Amino acid sequence: MEDHKETAQPFTKDHLAMERMPGHWVLAQMGKRVLRPGGMELTRAMLDALAIGSTDRVVELAPGLGATAALTLACGPESYTAVERDQDAAASVRSFVERHGGSCRQGTAEDTGLPDESATVVYGEAMLTMQTSAHKAAIVREAARVLEQGGRYGIHELCLAPDDLDEEVKAQVLADLSREVHVGVRPLTLAEWRALLESEGFHVQWTRTASMHLLEPRRLLRDEGLIGGLSFAFNVLRSPVARRRVRGMRRVFRTHENHTYAVSLVATKQ
Ligand SMILES: C[S@@+](CC[C@H](N)C(=O)[O-])C[C@H]1O[C@@H](n2cnc3c(N)ncnc32)[C@H](O)[C@@H]1O
C-alpha cells in the first residue's frame, strides 16, 4: 500500500448545492483526492520530517479523503487514529483505514476526546487555515494535550508572504479567497504560524514552503495521476456550476500567487 491513490471511497454531498458548497468539497465531488495547498510533494516532505516508525502512535486531524492516511499506514505505525468533523468523510476514511488496522472517529480537532499524552505524532493538513484565531489556538492546544512530551506535530497550511505583508493587501487576499472558496480562508504568515505553535509550547524544528498550485494542471497531474487528473478535468467540464467554481478559485489563486504559498512546519512538544 505505497500509493496514496488508494484512499477512502468518494461520497456525494447532495445535501448542499454545488453553488454554495465549500471549495474543497466541490473539488472532492469532481474526483480530486488531494486537497492540501502544497500537494503530495509537501506532504511527503512533512512525513519525512515527522519520521513515523513502528513505535509511533499517530493521530491525523481532518484527513478529508484520506490521501495522507495511506502513506502514514505504509510506515507501519503502532496505531493510526483520525479525527474528522465531516460525517461523510469520516465514514469513508473509517471504511478504508479499518482495513489496515487504523480507526477514524467523527469529531472536532479542538476536542478530539483522545486521552492526554496518548500520541507520539499528530498532524493535520489544510484544516487550520479555515479556522478563526481562537479555533486555531484551540486545535494546536489540543494537539499539545494529546501528544506525549517530545512528540512531533506537523502542519501543512496556506501561508501569506512576506512576513511584513501590508495589512490592507492581507485583508484583500483573505476576502478574495474566502469569497471564492465559500469558507473563511484565514492563512497566516510563516512567522505567525511559527508563533502560534510556540505559543502552545512547541519548538519548531523544520519548515518548508511550496508554491500554491493546487489547481494548476502540472500539480493536478502530479497529485492525481494521469487518469485521476483527466477524470477530474472531464467531470469539471461536464458541470457548468463546478466549472464556474473551479475557474473562480483558480483565478483568485493566480491573482494572489505572489502573496500566497503552501507551508509545512514540524515542531516538538517541549
Ligand atoms: C481542505 S480539506 C483537507 C482534507 C485533507 N486534510 C487534505 O489535505 O486533503 C479540510 C478538512 O478539514 C475538515 N475539518 C475542518 N475543520 C475541522 C475541525 N475543526 N475538526 C476536524 N475536522 C475539520 C473538513 O471536514 C475537511 O475534511
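Both counts, for ligands and for their atoms, begin at 1 and track the order of listing. Keep in mind that this is a model prediction, so the values were computed, not measured.
Looking at atom 12 (O) of ligand 1, its nearest protein heavy atom turns out to be Ala62 CB, 3.2 Å. Looking at atom 10 (C) of ligand 1, its nearest protein heavy atom turns out to be Ala126 O, 3.3 Å. From the protein, the heavy atom lying nearest to atom 25 (O) of ligand 1 is Glu84 OE2, 2.4 Å. Ranking protein heavy atoms by distance to atom 20 (N) of ligand 1, first place goes to Ala109 N, 2.9 Å. Nearest to atom 9 (O) of ligand 1 among the protein's heavy atoms is Arg36 NH2, 2.9 Å. The shortest contact between atom 4 (C) of ligand 1 and any protein heavy atom is with Gly64 CA, 3.6 Å. Taking atom 19 (N) of ligand 1 as the reference point, the nearest protein heavy-atom neighbour is Glu110 OE1, 2.9 Å.
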Step by step, work out the side chain to side chain donor-acceptor pair (under 3.5 Å) result for Tyr123 and Thr72.
CA-CA 11 Å; Tyr123 68 84; Thr72 300; 2.7 Å; yes
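Within the 4.0 Å heavy-atom cutoff, Met130 counts among the residues contacting ligand 1. Ligand 1 lies within reach of Gly107, whose nearest heavy atom is under 4.0 Å from it. Within the 4.0 Å heavy-atom shell around ligand 1 one finds Gln131. Using a 4.0 Å cutoff on heavy atoms, Ala67 does not count as a contact of ligand 1. The shortest heavy-atom distance from Leu61 to ligand 1 is not under 4.0 Å.
Ion pairing between a basic and an acidic side chain is recognised when a charged N comes within 4.0 Å of a carboxylate O; Glu148 and Arg57 show such pairing. A salt bridge is defined here as a Lys NZ or Arg NE, NH1 or NH2 lying under 4.0 Å from an Asp or Glu carboxylate O, and Arg222 with Glu41 meets this definition. A salt bridge does not link Arg33 with Asp223: every distance from a Lys NZ or Arg NE/NH1/NH2 to an Asp or Glu carboxylate oxygen is 4.0 Å or more. Taking 4.0 Å as the cut-off between side-chain N and carboxylate O, Arg245 and Glu19 do not count as a salt-bridged pair.
Remark: the backbone N or O of Cys104 is paired with a side-chain donor or acceptor of Arg94 at under 3.5 angstrom. Without hydrogens or angle criteria, Glu142 side chain to Thr112 main chain gives a donor-acceptor distance under 3.5 Å.
At a heavy-atom cutoff of 4.0 Å, ligand 1 is contacted by the side chain of Trp25 but not by its backbone.
Between the side chains of Glu78 and Thr55, no donor-acceptor pair is found at a separation under 3.5 Å. Side-chain contact, Arg36 with Thr43: a donor N or O sits under 3.5 Å from an acceptor N or O.
Looking at ligand 1, you'll find an N or O of Glu125 within less than 3.5 Å of one of its N or O atoms.
The option from His156, Arg85, His24 that lies nearest to atom 15 (C) of ligand 1, judged by heavy atoms, is Arg85.
Every atom of ligand 1 with a heavy atom of Asp86 under 4.0 Å away is listed here by number and element: 25 (O).
Taking each heavy atom of Gln149 and Gln270 in turn, the nearest pair found is NE2-C, 3.6 Å.
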